[in-house]
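Excluded from the calculations below are hydrogen atoms, water molecules and symmetry mates; all remaining heavy atoms, backbone and side chain alike, are included. Here is the naming used below: chain letters follow the sequence lines, and residue numbers restart at 1 for every chain. Just so it is clear, the model here is predicted, and its values are computed rather than measured.
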Amino acid sequence: MPELPEVETVVRSLAPQVTGRRILNAEFSQKRVLRGDAGDAARMLGGRIIQSVGRHGKFIVFTLRPKGFLIVHLGMTGKLLWNGEPAKHTHAIFTLNGGTLLYNDARQFGRIEWAEEMPERVRKLGPDALSVAFEDFADLLKKRKSRIKSVLLNQTFVRGLGNIYADEALFRAGIHPLAIGSKLSKERVRKLYHAIREVLNEAIDRRGSSISDYVDSDGNRGSFQALHRVYRRTGEQCGVCGTAIRRTLVAQRGTHFCPKCQKR
DNA sequence: GACGATGTTGGCAC
DNA sequence: GGTGCCAACATCGT
């Protein structure tokens, strides 16, 4: 489900509910989604207070007092639900003073982790897609010799973009998904940079995209899917030129684009 | 029922 | 180290 706008929406819905609360108990019923040992994680989390909740790319980071972090990645179908009912795919239950936080994940591609320090794996990601400065973005892109769609999906380039917003940003910038990153002109890089910011901010305003089952921590769907211009609109007319939207595979991911508006 | 698609990433080979 | 392919899993639509 979750790319930057969806994760940001979850964080914003969750923060007012859990900030300042104490973790009384943590239970993990599905080993797959937990990194490390369930007993260790439960012991380390128990008694700690949630000082803040933030977003690091697509990671949700709970900063704990007196120390440590609870790090959650939602994968494709992960959900963090405040005061929900445990269900078939509930794999973790955090009992706080004053409420319960559930982790549901049908496909189990998501991960939960306790860490005393932010892991290297998470720290080494590229700059956040909404925070990176234009000059840094352009410099980073100059080094990337692969297809721009692959580059945008690579979290060590810039963190936060996924399949939906990569396609939508490339459409808005008029750039073909197979164009080579390092070969884009400064002008086109600038268009792409602004397209990324624009589409992510509009999606956050709409509380994310709910394609199938994405919901925030209160169970509310987003509405940005109604404003997708190419993603999963194969065969529909391009809103700009009327040409049929095409779908192809890039980096093994479904990739949607307008063959007329987007140049290589 | 089989098959292919689905928002992600990490491990492996080159 | 960059790059690309595949696998992990459940569910839904054709």
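Within the 4.0 angstrom heavy-atom criterion, only backbone atoms of the sugar-phosphate kind lie near A:Arg32; the bases stay farther away. Nucleic acid contact for A:Arg35: sugar-phosphate only, since backbone atoms but no base atoms lie under 4.0 Å from a heavy atom of the residue. Using a 4.0 Å heavy-atom distance criterion, A:Ala106 is classed as a sugar-phosphate-only contact. Counting any heavy atom pair closer than 4.0 Å across all strands shown, A:Phe59 reaches no nucleic acid atom.
The salt bridge (charged side-chain N to carboxylate O under 4.0 Å, His left out) test with A:Lys79 is passed by exactly one of A:Asp105, A:Asp218, A:Asp213: A:Asp213. The salt bridge (charged side-chain N to carboxylate O under 4.0 Å, His left out) with A:Glu198 is formed by just one residue from the set A:Arg229, A:Arg172, A:Lys191; it is A:Arg172.
To the nearest angstrom, P of C:dG13 lies 14 Å from CD1 of A:Ile211. To the nearest angstrom, P of C:dT3 lies 15 Å from CD of A:Gln155. Put simply, CZ on A:Phe157 is 18 Å from C1' on C:dG4, counting in whole angstrom units. Atom OH of A:Tyr103 is separated from atom C1' of C:dC9 by 12 Å (rounded to the nearest Å). Distance CD (A:Gln252) to P (B:dT6): 11 Å, rounded to an integer number of Å. Spacing between atom NZ of A:Lys79 and atom C1' of B:dT6 amounts to 13 Å, rounded to whole angstrom units. Rounding to whole angstrom units, NE2 of residue A:His73 and P of C:dC9 are separated by 18 Å. The distance between atom CD of A:Glu6 and atom P of B:dT6, rounded to the nearest whole Å, is 16 Å.
When each of B:dT9, B:dT6, C:dG4 is scored by its nearest atom to the side-chain atoms of A:Arg247, the top-ranked nucleotide is B:dT6. The nucleotide whose nearest atom lies closest to any side-chain atom of A:Asn163 is, among B:dT6, C:dC5, B:dT8, B:dT8.
Judged by distance alone, the side chains of A:Glu6 and A:Tyr165 do bring a donor and an acceptor atom under 3.5 Å apart. Under 3.5 Å, the side chains of A:Asn104 and A:Lys88 contain no donor-acceptor pair of N or O atoms.
Contact annotation: A:Ser146 side-chain N/O to C:dG4 OP1/OP2 distance is under 4.0 Å. When the side-chain nitrogen and oxygen atoms of A:Lys145 are compared with OP1 and OP2 of C:dT3, none of them lie within a distance under 4.0 Å. In this model, the phosphate group of C:dA10 is not approached by any side-chain N or O of A:His89 to a distance below 4.0 Å at OP1 or OP2. A close approach under 4.0 Å does occur between a side-chain nitrogen or oxygen of A:Arg253 and OP1 or OP2 of B:dT8. The phosphate of C:dG2 (OP1 or OP2) has no side-chain N or O of A:Lys143 nearer than 4.0 angstrom.
Nucleotide C:dC9 forms a pair with no other nucleotide shown, judged by Watson-Crick or G-U wobble geometry with both contacts under 3.5 Å.
Both A:Val240 and A:Ile245 are assigned to one and the same hydrophobic cluster, defined by single-linkage of ILVMFWY side chains at heavy-atom distances under 4.5 Å. A:Leu80 is not connected to A:Phe59 by any chain of hydrophobic side-chain contacts under 4.5 Å among Ile, Leu, Val, Met, Phe, Trp and Tyr, and they are in different clusters.
A donor N or O paired with an acceptor N or O is found under 3.5 Å between the base of B:dT6 and the side-chain atoms of A:Arg107.
Looking at which nucleotide of DNA chain C each of A:Lys88 and A:Asn154 is closest to, the 5′-most match is held by A:Asn154.
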